[in-house]
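Notes follow once the structure below has been shown.
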Amino acid sequence: TPSGYSRYTTWVYDNYLNVPNDTMSALLALVSDIDFSNMTTDERISAIAAFVKNTAVYDTNYDESLDSSEDIAVDFLTTYKVGSSKHFAIATTMLYRALGVPARYVEGYKVDAVANQNTEVKDKYHWVEVFVDSYGWMQIEAALDEKIDIFVKPKDDSKIYDGTPL
């Protein structure tokens with residue numbers, strides 16, 4: 001019988017590779033100039049993230065009609081090319097899936113906390129997690145070049161930071 005991890009891996013591949021057919025075709029056409037066939041998983045993950053970052057511009061003052069698009073991933077990368085972390089995460093998640101890398105879209109909050117000071121949670125953020133065999137889920141920064149720390153929204157919106165997680 002398969003181990004628990006291999007059953008979970010099978011479940012991940014069954015559930016985190018789904019992409020609508022029209023979206024799949026459009027996304028694969030966008031990256032058709034990139035040869036992924038000889039890339040390692042790490043190289044493929046990096047190449048996809050770089051493609052999205054080089055295709056669009058991060059700006060929270062984007063054309064909000066993008067949010068009502070029937071295919072945000074494709075329209076973001078082909079027409080709008082300006083968006084928030086949400087749009088980068090959606091497009092990157094769909095591209096990973098289209099190229100056979102299990103991926104999930106994640107929402108949370110960016111928190112800049114300082115010990116012994118009140119910490120207010122206010123900056124909603126979106127990112128991608130990819131599943132790497134024999135490792136598990138790995139966080140990918142889809143929009144910004146800088147590394148940011150991501151925390152899940154706590155029950156309380158603020159607390160005096162004492163060095164422990166919110």
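Every heavy atom of this structure was used, including side-chain atoms; hydrogens, water molecules and symmetry mates were not.
Closest approach of Ala142 to Thr92, counting heavy atoms only: CB-OG1, 3.6 Å. Arg97 and Arg104 get closest at one heavy-atom pair: NH2-CA, 4.3 Å. When all heavy atoms are compared, the tightest approach of Trp137 to Pro102 is CZ3-O, 4.1 Å. When every heavy atom of Ala103 is checked against every heavy atom of Val128, the shortest pair comes out as CB-CG1, 4.2 Å. Closest heavy-atom contact between Gly83 and Phe76: N-CE1, 3.5 Å. Listed here is the closest heavy atom pair of Ser85 and His126: OG-ND1, 2.9 Å.
Atom CG of residue Leu77 and atom OG1 of residue Thr55 lie 6.0 Å apart, to the nearest 0.5 angstrom. If you take CD1 on Ile45 and CE on Met39, they are separated by 11.5 Å, rounding to the nearest 0.5 Å. The CD1 atom of Ile34 sits 12.0 Å away from atom CZ of Arg44, with the distance rounded to the nearest 0.5 Å. Rounded to the nearest 0.5 Å, atoms OG1 (Thr41) and OH (Tyr135) are 13.5 Å apart. Between Thr10 atom OG1 and Arg7 atom CZ the span is 9.5 Å, to the nearest 0.5 Å. Put simply, OH on Tyr96 and OH on Tyr105 are 15.5 Å apart, with the number rounded to the nearest 0.5 Å.
Counting heavy atoms from C-beta outward, Leu99 and Phe36 have side chains that approach closer than 4.5 Å. A heavy-atom distance below 4.5 Å is not found between the side chains of Val130 and Ile48. Side-chain contact check for His87 versus Tyr80: every heavy-atom pair is 4.5 Å or farther apart. Counting only heavy atoms from C-beta outward, the side chains of Met94 and Asp71 never approach each other to under 4.5 Å. With a 4.5 Å cut-off on side-chain heavy atoms, Phe131 and Thr9 count as touching.
A donor atom on one side chain and an acceptor atom on the other are found under 3.5 Å apart for Asp35 and Ser37. In the model, Ser65 has a side-chain atom that pairs as donor or acceptor with a side-chain atom of Asp63 under 3.5 Å.
Between the side chain of Glu64 and the main chain of Leu66, no donor-acceptor pair closer than 3.5 Å is present. A donor-acceptor pair is defined here as one N or O able to donate and one able to accept, closer than 3.5 Å; no such pair exists between the side chain of Ser46 and the backbone of Glu43.
Under the 4.5 Å side-chain heavy-atom criterion for ILVMFWY residues, a single connected hydrophobic cluster contains both Val106 and Ile90. A continuous path of Ile, Leu, Val, Met, Phe, Trp and Tyr side chains, each step under 4.5 Å between heavy atoms, connects Phe51 with Met138, placing both in one hydrophobic cluster. Linking ILVMFWY side-chain heavy atoms closer than 4.5 Å, directly or via other members, places Val82 and Leu95 in two distinct hydrophobic clusters.
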Hey, can you pull the donor-acceptor pairs under 3.5 Å for the side chains in residues 11-20, sequence neighbours left out?
from	atom 1	to	atom 2	distance (Å)
Tyr13	OH	Asp133	OD1	3.0
Tyr13	OH	Asp133	OD2	3.3
Asn15	ND2	Trp11	O	2.8

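For Asp59, the CG atom is densely surrounded, since the number of other residues' heavy atoms within 6.0 Å is greater than 12.
In this view, Asp67 and Lys86 satisfy the salt bridge (Lys or Arg N to Asp or Glu O under 4.0 Å) rule, not counting sequence neighbours.
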